[in-house]
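Just so you know, ligand 1 is whichever comes first in the structure, and atom 1 is the first atom listed for that ligand. Heavy-atom basis, side chains included; hydrogens, waters and symmetry copies ignored.
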Amino acid sequence: MKKALALILALVMTLALAACGGKAGAGTSGGSASSGAKTYKVGVAIYQFDDNFMTLYRNELQNYFNSLSNDSVKYDITIVDGKNDMAEQNNQIDNFISQGMDAIILNLVQTSSADAAIDKIVKAGIPLILINREPLGDNGDESYKGILDNAKVCYVGADARQSGTYQGEIIRDLANHGDVNGDGKISYIMIEGDPENVDAQYRTEFSIKALTDAGLTVECLDDQIGNWAQAKGQEICANDLAKYGNQVEVVFCNNDAMALGAATSITAAGRTVGTDIYLVGVDALEECQQMVQAGTMTGTVLNDHIGQSHTAVDVTVKALNGESIQNYYWVDYVKVTK
Ligand code: BGC
């Protein structure tokens with residue numbers, strides 16, 4: 001009798017232990033359960049903290065994850081700064097893998113040599129949500145698109161062709177189409193973002209295409225790389241205004257941070273936006289929206305960091321729940337002219 005009781009007791013204890021230690025929820029792709037709540041660990045690698053737009057993005061990402069945490073599920077988010085250094089980011093990815101992250105959100109430093117980084121995450125079986133910078137294959141051959149066939153990989157972003165087109169349309173729709181001196185051509189300078197980001201290439205190309213598609217004639221006075229940075233935007237614009245003076249009719253900036261810098265140089269050169277020069281950016285940073293209202297900037301394009309970060313989080317949650325995800329999630333840009 002005693003023996004039978006001991007056996008039953010042992011059996012009950014084994015079952016209880018198994019229930020505590022086991023993973024909660026069948027069919028999920030990870031997470032640990034303790035004190036009632038299931039906790040998912042998500043690693044977020046940002047290309048560089050020192051970037052106005054990506055700062056808004058990452059703060060919103062964190063806030064939104066927090067808002068989704070409750071008594072039964074928690075998201076433990078680790079956000080790291082790649083410092084614009086691919087070697088550093090590769091180490092961070094290795095750490096994420098060894099720390100057993102349940103999902104990784106990746107804003108690549110270098111889109112042109114991303115295959116290895118992506119590959120190890122895929123091999124580790126960790127869901128991967130790429131954001132903000134769509135990778136190219138290492139040979140520029142879009143080989144990474146094959147990786148997207150993997151059910152656990154996707155890209156969340158905005159189609160930069162649209163933002164470039166909107167920038168061009170803002171100028172096209174001006175009464176003088178940006179041709180201040182009436183010589184029949186729109187003379188512009190282009191201040192480009194980081195060439196590693198396909199957004200920079202597309203914005204450069206499609207802003208001008210919107211003008212030429214409308215049958216307008218353009219003249220490029222200068223095209224320089226400002227790496228998304230305000231100080232570079234200011235410097236490039238100042239040099240161009242000193243060199244080309246009144247010939248500069250339109251300043252195209254691939255983003256608002258550089259447009260903020262350009263605005264400073266425009267004022268310093270005694271030029272007036274809306275009267276003798278036009279200025280456009282992308283992102284719709286709060287400060288730039290106010291400038292558009294005040295007329296000190298011609299227009300900008302909303303790069304919806306809220307829509308993009310929320311989509312990235314929603315997709316991550318889907319993947320964590322073992323649900324299938326699409327290859328691409330696109331968030332629309334919006335023209336801002338007043
Ligand atoms: C944004 C830029 C930002 C860059 C970061 C772009 O989509 O428009 O403002 O600096 O992403 O990679």
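- Among protein heavy atoms, the minimum distance from atom 7 (O) of ligand 1 is reached at D199 OD2, 3.0 Å.
- Counting atoms of ligand 1 from 1 in the listed order, those under 4.0 Å from a heavy atom of N303 are 1 (C), 7 (O), 8 (O).
- Heavy-atom minimum distance, L285 versus N52: CD1-ND2, 3.8 Å.
- Shown in contact with R133 at under 4.0 Å from a heavy atom are these atoms of ligand 1, numbered in order with element: 12 (O).
- Residue-ligand proximity, R203 to ligand 1, at heavy-atom distances under 4.0 Å covers atoms 1 (C), 6 (C), 7 (O), 8 (O).
- Nearest protein heavy-atom contact of atom 4 (C) of ligand 1 is W228 CE2, 3.6 Å.
- A pairwise comparison of heavy atoms in D256 and D283 identifies OD2-C, 3.7 Å as the closest pair.
- Residue-level proximity to ligand 1 for M258 is absent, since no heavy atom of it falls below 4.0 angstrom.
- Atom numbering of ligand 1 starts at 1 in the shown order; those under 4.0 Å from a heavy atom of N255 are 2 (C), 9 (O), 10 (O).
- Residue N132 has at least one heavy-atom neighbour below 4.0 Å for each of these atoms of ligand 1: 5 (C), 6 (C), 7 (O), 11 (O), 12 (O).
- In this structure, atom 9 (O) of ligand 1 lies nearest to the protein heavy atom D283 OD2, 2.4 Å.
- For the pair R58 and F49, the cation-pi criterion (under 6.0 Å, within 45° of the ring axis) is fulfilled.
- For the atom pair N239 CG and D222 CG, the distance stands at 8.5 Å (nearest 0.5 Å).
- A distance of 7.0 Å separates OG in S207 from CG in N254, rounded to the nearest 0.5 Å.
- No hydrogens or angles considered: a donor-acceptor pair under 3.5 Å links the side chains of Q162 and D332.
- Counting only heavy atoms of the protein, atom 5 (C) of ligand 1 lies nearest to D51 OD2, 3.2 Å.
- Of the possible donor and acceptor atoms, one in the side chain of E196 sits under 3.5 Å from a partner among the backbone N and O of T111.
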